[in-house]
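Below is one structure, written out as structure tokens; the observations come after it.
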2 protein chains.
Amino acid sequence: MAAYPDLSDRQERILAFIREFTGEYGYPPSIRQIGSDVGISSTSVVSYNLNILQRKGYLTRTREVSRGVRLVEEESTSEQSLIPMMGYIAAGDPLPIADGDFAQGEGEQVAVPKELVGDAEGVYALQVRGTSMIDALIADGDLVILRHQQQAQNGDMVAAWLVEEKAMTLKHLYWERNRTLVCLQPANPTLEPIFVHPSKLEIQGRVIGVIRQL
Amino acid sequence: MAAYPDLSDRQERILAFIREFTGEYGYPPSIRQIGSDVGISSTSVVSYNLNILQRKGYLTRTREVSRGVRLVEEESTSEQSLIPMMGYIAAGDPLPIADGDFAQGEGEQVAVPKELVGDAEGVYALQVRGTSMIDALIADGDLVILRHQQQAQNGDMVAAWLVEEKAMTLKHLYWERNRTLVCLQPANPTLEPIFVHPSKLEIQGRVIGVIRQL
DNA sequence: AGTATAGCTGAACAAATGTTCTATGTCAAG
DNA sequence: CTTGACATAGAACATTTGTTCAGCTATACT
């Protein structure tokens, strides 16, 4: 089991139970529920141990609030964002319409680490179909996290629509010759870049992250 | 705002408030807290609307349990696991020692979508240094999620130490010639596989996911 | 008009839940 | 042995909090 040198067995069990319970039900357990699981008959003893756990920094309590217990580990690291899954991306198809409404609507959502997205405004996820993005180090099945935007800065990895080729591509973008030429550089440096005129390119968004499940 | 065609303004606000509150405090709001925020004077009306939201599938209630409200979106997608960040991985170095104790101890942790890891037992994360894994579609700075194990099945992407080359590598593993030869296949099919004898290979773990932040 | 029905109010109620207090047992230090 | 810190039990208590119900106000339907 976990090694908490400064905690008693009971306190470890309490911690573990709160973690499980909260995960399962979405709200924290009451003092009596904790006691019943850990095997403590008296509510005061549970409260007593919770206070110790709070003092030692493992959790936070809110006085006189039912189920007012929160694990500290959750406070710090559990931050994540829910972003909408907008569908698929493949070389031949344009991006699914990413219209203005990104609020937590219907449809599927994915949870991603908050550090990955920062502000979740205009962020969405697409699943890659096919190996056409392999030169961007993106495999079949990968989840790409995009922020909807038309502009891009030098070096940004962008999702772009190549008008003439009628193809969607993910590449690093660089402006050349005073913005009259665009260089699309594969992430894999052994591959050759593409040069196109800005008018033949429609930037659909910026890639801010990739998640691959194997 | 969010578009919930089948919900009243109040119901949308209730939903939003529960989301905010739970995010901020770690436990759901009480009926009276909801009412006070949304501007409902009567607890029965809050309960009334909560029941509607439940019937329409936006949340779950547990009868007679204080703060027994849970958003359905959380149930399905918000689950995540905390896994320890064990350091770096580079072509030249062996893996940091992954000893037995994986419980949520000290050190840094990363939050990853639960679907990515499944059971978090023996799972840890390493950050990639350098471009040596590029043939596994893994870039400099990527976070690889590993499950500690010595064995591997055909097709698994494994983290393996090449004894003779003194190098760490991430590749798909295939057994050949009745397990007397190992084929290490790069994820990028345009690259050539490597063949080594099993004794020259130490499997350190299986790659179960990759997270890239751009 | 008559009458459902949805949405709401306010108050009373009961159950769930945190707090407090007294008492008991243990164990190590003085 | 005594003392005191610590951990626990049990019970009484006070709050918080969910539930129920009678009644009110619109709007829509017959």
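Values below: every heavy atom of this structure, side chains too, minus hydrogens, waters and symmetry copies. What you see is a predicted model, and the numbers here were worked out from it, not measured in a lab. The chains referred to below are lettered A, B, ... by the order of the sequence lines, with proteins before strands, and numbering in each begins at 1.
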Side-chain donor-acceptor pair under 3.5 Å between R70(A) and T62(A), yes or no?
->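 Their side chains do not contain a donor-acceptor pair, so the 3.5 Å distance test is not met.
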Does the side chain of R206(B) come under 3.5 Å of the side chain of Q153(B) through a donor N or O and an acceptor N or O?
->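 Result is no, nothing qualifies.
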What nucleotide, of dA16(C), dT19(C), dT17(D), holds the atom closest to the side chain of E64(A)?
->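 Between dA16(C), dT19(C), dT17(D), the one nearest the side chain of E64(A) would be dT19(C).
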From the options dG10(C), dT20(D), dT15(D), select the nucleotide whose nearest atom is closest to the side chain of S41(B).
->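 Among dG10(C), dT20(D), dT15(D), the one nearest the side chain of S41(B) is dG10(C).
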Distance test, side-chain N/O of [X] to OP1/OP2 of [N], below 4.0 Å:
X: R61(A); N: dT17(C); result: no
X: N49(A); N: dT8(D); result: yes
X: S66(B); N: dT17(C); result: yes

Is there a donor and acceptor pair, one atom on the side chain of [X] and one on the base of [N], closer than 3.5 Å?
X: S44(A); N: dG10(D); value: yes
X: R10(B); N: dG7(C); value: no
X: T43(B); N: dT19(D); value: yes
X: S42(B); N: dG10(C); value: yes

Once you round it to whole Å, what is the distance between [atom2] of [N] and [atom1] of [X]?
X: N51(A); N: dA5(D); atom1: CG; atom2: P; value: 18 Å
X: Y27(B); N: dG18(D); atom1: OH; atom2: P; value: 13 Å
X: Y48(B); N: dG18(D); atom1: OH; atom2: P; value: 19 Å
X: I14(A); N: dG18(C); atom1: CD1; atom2: C1'; value: 15 Å
X: I31(A); N: dA9(D); atom1: CD1; atom2: P; value: 14 Å
X: R32(B); N: dG18(D); atom1: CZ; atom2: C1'; value: 7 Å
X: L50(B); N: dC8(C); atom1: CG; atom2: C1'; value: 15 Å
X: Q33(A); N: dA16(C); atom1: CD; atom2: P; value: 11 Å

5' precedence on DNA chain C between I40(B) and R63(A) (nearest-nucleotide basis) |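 Closest to the 5' end, via its nearest nucleotide, is I40(B).
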Which value, rounded to the nearest 0.5 Å, describes the distance between K200(A) atom NZ and E164(A) atom CD?
->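 The CD atom of E164(A) is 4.5 Å from NZ of K200(A), to the nearest 0.5 Å.
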Does CG in N154(A) sit with more than 12 non-hydrogen atoms of other residues, nucleotides or ligands closer than 6.0 Å?
->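 Count over threshold, so yes.
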So does Y25(B) have more than 12 non-hydrogen atoms from other groups sitting under 6.0 Å from OH?
->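 Atom OH in Y25(B) is not crowded, with 12 or fewer foreign heavy atoms closer than 6.0 Å.
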For I52(A), which contact category applies under a 4.0 Å heavy-atom criterion: base, sugar-phosphate, or nothing?
->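 Since only primed, P, OP1 and OP2 atoms lie under 4.0 Å of I52(A), the category is sugar-phosphate.
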